[in-house]
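All remarks here apply to the structure that follows.
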Protein chains: 2
Amino acid sequence: MVVTPELLSFFPLLKLLPASSLLALVQASTVEKFARRAVVLNAGQHEHNVCFLFEGRLQGVDFTVDGREVGLFFVEPGDVCGEIALFDRGVQPEYIIVLSPAVVVWVPLENLRAAMLECPPLVSNLGMRLAQRIRQLTLQRSLLGMPNIAQRVCCQLWLLVEEHEKAHMKEGVIKNPPTHMEIAIMLNLSRETVTRVFQTLQQQDVVRRDGASRLQLPSLSLLKAYADGSREL
Amino acid sequence: MVVTPELLSFFPLLKLLPASSLLALVQASTVEKFARRAVVLNAGQHEHNVCFLFEGRLQGVDFTVDGREVGLFFVEPGDVCGEIALFDRGVQPEYIIVLSPAVVVWVPLENLRAAMLECPPLVSNLGMRLAQRIRQLTLQRSLLGMPNIAQRVCCQLWLLVEEHEKAHMKEGVIKNPPTHMEIAIMLNLSRETVTRVFQTLQQQDVVRRDGASRLQLPSLSLLKAYADGSREL
DNA sequence: AAAGGCGAGTGACTCTGGTCACATGCGCCG
DNA sequence: CGGCGCATGTGACCAGAGTCACTCGCCTTT
């Protein structure tokens with residue numbers, strides 16, 4: 001696949017750029033495909049490209065000194081990662097790995113940085129992204145403080161529900177739900193513990209499996225009650 | 001106390017501003033004193049001021065849904081907090097509370113935002129701050145993944161050592177060390193557990209108390225070994 | 001069809017870290 | 001100087017989560 005202006009315009013962030021800057025980036029950008037489990041960005045490295053996800057699904061993870069995996073966030077098509085270095089040219093804070101086979105567009109860091117400095121809306125948008133990321137990290141951190149395990153899992157599930165579904169509080173659905181293992185590493189739990197919580201939730205009909213790629217949530221209000229602790233498993 | 005240009009120039013961030021902008025901010029800014037345990041910024045609120053710490057010590061904390069406290073980071077004199085809203089006018093992500101009696105300079109959010117938009121170096125510096133914050137949050141998160149408790153405490157201590165002291169790896173010192181309770185909430189532990197780890201560390205002469213405001217670390221290399229898991233307690 | 005990998009489900013055992021309930025020590029302030 | 005508040009120190013107890021060692025079912029690959 002070859003990089004075209006249309007391809008770059010797929011990304012909301014790059015749409016903010018004037019046509020001339022966009023064209024300049026097209027020249028320098030490349031496309032790459034990744035298989036499941038591949039490493040897209042390396043923690044601790046000075047990456048020379050910003051990663052735009054076109055297709056597939058990525059995850060930000062970290063590893064503790066003793067080799068244990070720590071889940072941080074998911075990346076969906078249209079999202080960016082590795083953009084932090086645009087601000088401080090620092091090292092990549094976490095690993096980005098592939099959950100489902102991915103197509104990535106690489107835009108060289110320095111080119112994008114140059115374009116950004118001449119495009120205030122882009123700076124502003126990226127600033128908002130970082131701000132959002134900090135909020136998300138803070139929230140995730142507060143999840144880990146919860147002593148009740150089941151509550152932790154329910155909160156995480158609640159976070160995965162689309163905003164507009166939360167509004168009317170009836171049933172919801174999580175597309176491409178994370179595996180038990182993936183939830184476990186995000187919540188500092190063992191995979192078995194997550195499985196056991198899911199078993200209980202299924203008995204209460206709070207969650208229902210619907211093939212591998214969908215998780216039904218028949219009663220959002222019940223899920224919410226477990227999540228905020230007003231009800232216990 | 002009254003706000004003067006000299007006072008604002010105490011803060012590295014504001015020193016980047018041209019004199020004219022600084023003068024405009026002086027008019028709008030105020031000073032406030034806070035007692036220990038006071039709440040300076042409220043999570044979830046749209047704060048109308050950015051907080052510059054002149055004196056004392058603050059901490060960013062969050063609370064889980066069940067009321068448990070979660071420690072996030074410390075704020076030292078010269079630092080800023082509540083600056084995230086400059087980028088997206090969003091709500092404050094965490095509470096900022098007072099650890100030791102503090103003097104705070106309030107700069108109205110919108111005034112600073114206006115000044116920032118006309119001063120690229122300030123945008124750049126703030127962007128670097130956010131980036132740094134994300135790195136710090138990610139690192140802190142990875143600490144929580146460690147199954148070995150003592151290691152977690154040692155890593156946290158290691159993070160509190162000054163960079164230049166880490167370099168020669170001899171003895172180090174932590175000024176104004178956090179209390180056991182404060183360490184506990186940062187690491188998702190109980191206060192008693194932290195005390196017990198400290199007891200063991202003191203027996204090994206890895207840490208030594210030196211009054212309330214100093215913590216001696218006679219052997220940084222040993223601390224490092226415990227922190228990276230190459231040695232176990 | 002066989003084989004292999006992977007996600008999920010389950011039981012038994014272990015043991016760590018939270019909780020509770022104290023004691024101690026220190027500094028501050030009226 | 002006495003008393004209070006706060007940080008620290010310590011032991012006993014035990015619930016709850018991790019670990020291990022499986023099985024089962026569903027895919028993709030050979």
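Chain letters run A, B, ... following the sequence lines, proteins first and then strands; every chain starts at 1.
Between the side chains of B:Gln92 and B:Glu94, at least one donor N or O lies within less than 3.5 Å of an accepting N or O.
For A:Thr193, taking side-chain heavy atoms from C-beta onward, the closest of the listed nucleotides D:dT19, D:dG18, D:dT10 is D:dG18. Minimum atom distance to the side chain of A:Ser190 is reached by D:dG18, of the listed D:dG18, C:dG11, D:dA12. Checking D:dA7, C:dG7, C:dG9 against every side-chain atom of B:Arg37, the shortest atom distance belongs to D:dA7. Listed candidates were C:dA8, C:dT19, C:dG7. Nearest to the side chain of A:Arg36 is C:dG7. You'll find that the side chain of B:Gln202 is closest to D:dG9, out of C:dG18, D:dG18, D:dG9. The listed nucleotides are C:dG7, C:dG9, D:dG18; the one nearest the side chain of A:Thr195 is C:dG9. In this structure, the nucleotide among C:dA8, C:dT10, D:dG18 sitting nearest to the side chain of A:Glu192 is C:dT10.
The residue among A:Met181 and B:Asn148 whose nearest nucleotide of DNA chain C lies closer to the 5′ end is A:Met181.
Protein atom CZ of B:Phe198 is 17 Å distant from nucleotide atom C1' of D:dT10, rounded to whole Å. B:Gln199 places its CD atom 6 Å from the C1' atom of D:dG9, with the value rounded to the nearest Å. Between A:Gln203 atom CD and C:dG9 atom P there is a gap of 11 Å when expressed in whole angstrom units. A straight line from CG of B:Leu189 to C1' of C:dT19 spans 14 Å, rounded to a whole angstrom. Atom NE2 in B:His180 sits roughly 7 Å away from atom C1' in D:dT8 (whole-Å rounding). With rounding to whole Å, B:Arg196 atom CZ is found 18 Å from D:dA7 atom P. Note: CG (B:Leu187) to P (C:dG17) measures 13 Å, nearest angstrom. Atom CZ in B:Arg209 sits roughly 10 Å away from atom C1' in C:dG25 (whole-Å rounding).
At least one cation-pi condition fails for A:Arg68 and A:Phe63: the charged atom is not both under 6.0 angstrom from the six-membered ring centre and inside a 45 degree cone around its axis.
More than 12 non-hydrogen atoms from other residues, nucleotides or ligands lie less than 6.0 angstrom from CZ of B:Arg57. Summarising the local packing, CZ of A:Arg231 is surrounded by 12 or fewer heavy atoms from other residues, nucleotides or ligands at distances under 6.0 Å. Counting non-hydrogen atoms of other residues, nucleotides and ligands closer than 6.0 Å to NZ of A:Lys170 gives a total of 12 or fewer.
One donor-acceptor pair, N or O on each side, does fall under 3.5 Å between the base of D:dG9 and the side chain of B:Arg191.
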